[in-house]
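Everything on this sheet refers to the single structure shown next.
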2 protein chains.
Amino acid sequence: MDNGKVGDKRHLRSIMTRQKLLEAAKEIFLEEGFQAAVISQMIKKANIGYGTAYVHFKGKEDLLIVLMENVMDQFYEIAETSFFPKSKDEAERIINKQANAFLKMAEAERNMMQVFEQAIGISTVISDKWKAIRVKFIQRISKDVAYAQQNGLARAELNHELVARGWFFANEMYLWEIVRNEHQSSVEEIAKTITSVYVEGLYL
Amino acid sequence: MDNGKVGDKRHLRSIMTRQKLLEAAKEIFLEEGFQAAVISQMIKKANIGYGTAYVHFKGKEDLLIVLMENVMDQFYEIAETSFFPKSKDEAERIINKQANAFLKMAEAERNMMQVFEQAIGISTVISDKWKAIRVKFIQRISKDVAYAQQNGLARAELNHELVARGWFFANEMYLWEIVRNEHQSSVEEIAKTITSVYVEGLYL
DNA sequence: TTAACTTATTGACATCATGTCATATTCTTT
DNA sequence: AAAGAATATGACATGATGTCAATAAGTTAA
């Protein structure tokens, strides 16, 4: 027996239980999608008692949120990268890179993102999580646009907030399209094209 | 066989039943949203027997699709309006007008569109209905872009399909934003801004 | 070591929505 | 008016959810 430390065997077991459930949940989500995924299935797969699941999580939604935490953090990371271009060309290069990074997330996390997309449509809580990410992006882009306008790089007559939203929206929809594997062109091609239209339309 | 004249009292009653249910359904949908709307509630409100609802409709989804038919038709109508501009300025005017018409739908049909948006996230059948509308729009826009490119009005190096999607995506997301009443600016302002960036970015 | 206490687990149960189907009702035809 | 056809009906089977009182497992302190 191990000793010396605090008696936290109980707590450890609890963590194991939680973990088992999370893993089972992920498998079921990937197999069934969010809609069709059923808690009792996860419980069965995790080999725990029915009620136990509800001790650890409030329900399906809660489970998925935990499973998506790292992905959401990655989006926040991308969203936080601000930039201060000195020229239109530099802007285009950076914006293209960011659009790429954003869209690449769809490929990198495609399976869980598919589940996530479904869940956004169904669960208010999860939808709010995504909305928060969206807000973050739009705020960042808004600032970038305003900066470019202040420095005489971008058309000052445009409402920077509206421009930022429009730009993000196009990116977001492409993201989901890639998630669903419905895109025809490569991510690079997509990023290049929309960036080009955007930069040409906004910058001077 | 049906003679259309005599003895159609039964058929008429059936139509009335269907109608009563549709009206009740609309009320419930508007009160509760798609998710929370419950068939038994509609049945109660319509004063018909439980099983009767299933004689006329397959379920909630089916009911909503019928209720949204005219709205969907309006979208198709807007989507079908193609155009052949002779100059960048003319293009901007027409595109702005179309974006406006599209976004105005959100205001005109806001309540049912709110229900519809929820339903798109939840029901595959309804989601497919919207996807068909989207495809229609993108096809139309794609053609418009290609036409402009062929006539030396737009940057020929861009993939017209990708440009069209991006443009529609921005419009679509704004549409939902307006549906949810989350927009800050007026529809006109939104349309003007995104059109301006788009036209400046695409046309020569 | 044991008794009291705390924390975690459990499955039976109550609840609620759905869709089906055998039966009943209402209307039409002969 | 009897047979036949189209509609309507609600009881029922099904399946998912979340709760909770009871129990088990682990910890602490005497």
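Letters A, B, ... are given to chains in the order of the sequence lines, protein chains preceding strands, and every chain is numbered from 1.
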Just the rounded figure in Å: distance from [atom2] of [N] to [atom1] of [X].
X         : N       : atom1 : atom2 : answer
His11(B)  : dA8(D)  : NE2   : C1'   : 15 Å
Met16(A)  : dA25(D) : CE    : P     : 17 Å
Ile43(A)  : dG15(D) : CD1   : C1'   : 14 Å
Lys44(B)  : dT18(C) : NZ    : P     : 14 Å
Ile122(B) : dA17(C) : CD1   : P     : 15 Å
Asp62(A)  : dG18(D) : CG    : C1'   : 13 Å
Lys9(A)   : dA24(D) : NZ    : C1'   : 13 Å
Glu32(B)  : dA17(C) : CD    : P     : 10 Å

Problem set entry | Within 6.0 Å of NZ in Lys131(B), more than 12 heavy atoms from elsewhere | yes

For this session: In sequence, state the C-alpha distance, the side-chain angles, and the governing distance for Asp144(B) and Arg140(B), and then conclude on salt bridge (Lys or Arg N to Asp or Glu O under 4.0 Å).
Result: CA-CA 6 Å; Asp144(B) 291 348; Arg140(B) 206 285 326 282; 2.7 Å; yes

Strictly below 4.0 Å: does [X] bring a side-chain N or O up to OP1 or OP2 of [N]?
X        : N       : value
Tyr54(A) : dG18(D) : yes
Tyr50(A) : dT10(C) : no
His56(A) : dA8(C)  : no
Thr17(A) : dT9(C)  : yes

Exercise. Can Glu182(A) and Arg165(B) be counted as an ion pair, charged N to O under 4.0 angstrom?
Worked result: no

For this session: With the side chain of Arg10(A) defined as its heavy atoms from C-beta on, choose the nearest nucleotide among dT27(D), dT18(C), dC27(C).
Result: dT27(D)

Problem set entry | Minimum-distance nucleotide to Lys60(B) side chain [options: dT9(D), dT18(C), dC27(C)] | dT18(C)

Problem set entry | Residue pair Lys45(B), Glu31(B): steps toward the salt bridge (Lys or Arg N to Asp or Glu O under 4.0 Å) verdict | CA-CA 12 Å; Lys45(B) 184 157 236 161; Glu31(B) 280 168 25; 3.2 Å; yes

Exercise. How is Thr52(B) classified with respect to the nucleic acid when contacts are heavy atoms under 4.0 Å: base, sugar-phosphate, or nothing?
Worked result: base

For this session: May I ask you to say what Val55(A) touches in the nucleic acid, namely base, sugar-phosphate or nothing, with a heavy-atom cut-off under 4.0 Å?
Result: base

Problem set entry | Distance under 6.0 Å and angle within 45° of ring axis: Lys136(A) vs Tyr76(A) | no

Exercise. Can you give the dot-bracket line for DNA chain D, using ( ) for pairs inside the strand, [ ] for pairs that cross earlier ones, | for pairs with another strand and . for unpaired bases, where Watson-Crick and G-U count if both distances are under 3.5 Å?
Worked result: ||||||||||||||||||||||||||||||

Problem set entry | For Tyr174(A), the option from Phe168(B), Trp167(B), Phe169(B) that meets ring pair (Phe, Tyr, Trp, His ring centres under 6.0 Å) | Phe169(B)

Exercise. Angle class for the Phe116(B)/Trp130(B) ring planes (parallel below 30°, perpendicular above 60°, tilted otherwise)?
Worked result: perpendicular

